[in-house]
Amino acid sequence: MDIKQAKIPDRIGIAPSVVLFGIPAALLWLATHALMPRLLARGWEPLLAWFFAGGLVLASLLAAALVGGAMTIQSTSLARLLEHLRVRKMTSSDWRLTGLAIGGTIAAIAGLQALNVLVWPQLPTQPDFIHFKPLATDQLYLLAVWLPFFAVNIIGEELWWRGFIQPRQEPVFGANTWIVQGVLHGAFHFSFGPGVLLVLLPVVFVIPWSVQRSQNTCVGIVVHGSINGPAFLAINLGLLPG
């Protein structure tokens, strides 16, 4: 099915990049520092408040990627849309790159956490709007609610940042695109606080680097999900300290 033609730029320089990352960053701050406190005051479970407030922002990224891609190709064909967003079957080289990226990221995060403890007065590595801790038995239902949030989080971010924006940045920034992406993706998380930003540094740079090297958004989805998901589960199941 064809849709109305719209002018979608095929090149994104620094100014539009700042806007396209900055607006979601501002929305995330509003969600975590304006909407969440109101939900908590009404008695919402903190994790549910985060899933709802944060999910609104992350769902908007997913919608933006799908709508923007469909407007660009002037079609709602799912196959064409996924190809436009560089969502491709993983090759053996993609899997090797993904494994390298995941292993390197985990090692770098562990190093930064140790550095945080030894060098700084232990910057908090949890956001100030919520503290993740082991779930009580009567809270385990939250894991079922987390699953759709997790899917929207990973797929929404990767289709928007890496599937829609990054291919349009590469003709402008060339080999340095992953650096621009990393800086801006880190800034997107500014509302999480400096301690969280510190340990996120490997994630926000490794993901766009691996996507740029593979030209496959699926690599970013797997790397992002493999870091985010197990970390959330480990903390909320009491396997790692909060």
Side-chain angles (χ1 to χ4, degrees), residues 1-13 15-32 35 50-91 94 98 145-173 177-178 180-182 184-189 203-204 207-212 214-229:
M1 182 178 74
D2 290 336
I3 61 177
K4 184 178 179 180
Q5 184 175 2
K7 179 61 176 176
I8 303 293
D10 55 6
R11 295 168 63 91
I12 294 177
S17 293
V18 170
V19 171
L20 292 172
F21 277 84
I23 291 176
L27 292 175
L28 186 60
W29 186 90
L30 288 172
T32 55
L35 177 56
W50 162 235
F51 294 158
F52 178 76
L56 291 176
V57 178
L58 298 167
S60 71
L61 300 184
L62 176 58
L66 296 176
V67 172
M71 291 172 68
T72 302
I73 65 175
Q74 302 174 49
S75 172
T76 55
S77 165
L78 181 59
R80 290 183 59 195
L81 179 57
L82 292 179
E83 177 59 29
H84 175 73
L85 297 173
R86 301 200 305 200
V87 178
R88 297 163 182 161
K89 183 178 179 179
M90 296 275 286
T91 65
D94 288 338
T98 298
V145 184
W146 167 73
L147 283 173
F149 170 83
F150 172 70
V152 171
N153 178 1
I154 303 304
I155 297 173
E157 284 202 66
E158 291 309 309
L159 290 189
W160 179 241
W161 308 134
R162 257 66 69 175
F164 186 80
I165 296 177
Q166 185 162 327
R168 292 169 167 80
Q169 291 176 318
E170 289 172 0
V172 179
F173 301 110
T177 301
W178 67 274
V180 176
Q181 274 265 330
L184 293 175
H185 196 192
F188 168 71
H189 295 89
V203 182
V204 298
I207 294 175
W209 172 81
S210 59
V211 170
Q212 184 167 0
S214 64
Q215 296 291 290
N216 189 347
T217 303
C218 282
V219 171
I221 291 173
V222 175
V223 174
H224 197 164
S226 297
I227 301 298
N228 184 301

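Note that the numbering runs from 1 along the sequence shown for the chain. Computed from heavy atoms alone, side chains included, the values below leave out hydrogens, waters and symmetry copies.
Counting only heavy atoms from C-beta outward, the side chains of I12 and V172 never approach each other to under 4.5 Å. Residues L81 and T76 form no side-chain contact, since every pair of their non-hydrogen atoms from C-beta on lies 4.5 Å or further apart. When side chains are defined from C-beta on, L56 counts as touching L35, because their heavy atoms get closer than 4.5 Å. Residues I8 and F164 have side chains in contact (heavy-atom distance under 4.5 Å, counting atoms from C-beta outward). Residues L20 and W160 form a side-chain contact, since some pair of their non-hydrogen atoms from C-beta on lies under 4.5 Å apart.
Of the listed residues (R88, K89, R86, M90), just one forms a side chain to side chain contact (heavy atoms under 4.5 Å, CB included) with C218, and that residue is M90. The side chain to side chain contact (heavy atoms under 4.5 Å, CB included) test with E158 is passed by exactly one of I221, V219, V222: I221.
The closest donor-acceptor contact from the side chain of D94 to the backbone of T91 lies under 3.5 Å. Checked by atom type and distance alone, the side chain of T217 pairs as donor or acceptor with a backbone atom of L85 at under 3.5 Å. Side-chain atoms of Q181 never come within 3.5 Å of backbone atoms of R162 as a donor-acceptor pair (strictly under, hydrogens ignored). Looking only at distances, no side-chain donor or acceptor of Q74 sits under 3.5 Å from a matching main-chain atom of M71. Although no hydrogens or angles enter the test, the distance criterion places no donor-acceptor pair under 3.5 Å between the side chain of Q166 and the main chain of T177.
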Show your reasoning for whether side-chain contact (heavy atoms from CB on, under 4.5 Å) applies to V204 and F188.
CA-CA 10 Å; V204 298; F188 168 71; over 6 Å; no
Evaluate T32 against W50 for side-chain contact (heavy atoms from CB on, under 4.5 Å), listing each step before the verdict.
CA-CA 7 Å; T32 55; W50 162 235; 3.7 Å; yes
Can you check side-chain contact (heavy atoms from CB on, under 4.5 Å) on F21 and I165, steps first, answer last?
CA-CA 9 Å; F21 277 84; I165 296 177; 4.2 Å; yes
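In this structure, CG in N153 is found 9.0 Å from CG in L61, a value given to the nearest 0.5 Å. Remark: L58 CG to L27 CG distance equals 10.5 Å, nearest 0.5 Å.
Classified by interplanar angle (parallel below 30°, tilted 30° to 60°, perpendicular above 60°), the ring pair H185/H189 is tilted.
Across P9 and R168, no two heavy atoms sit closer than the pair O-NE, 2.8 Å.
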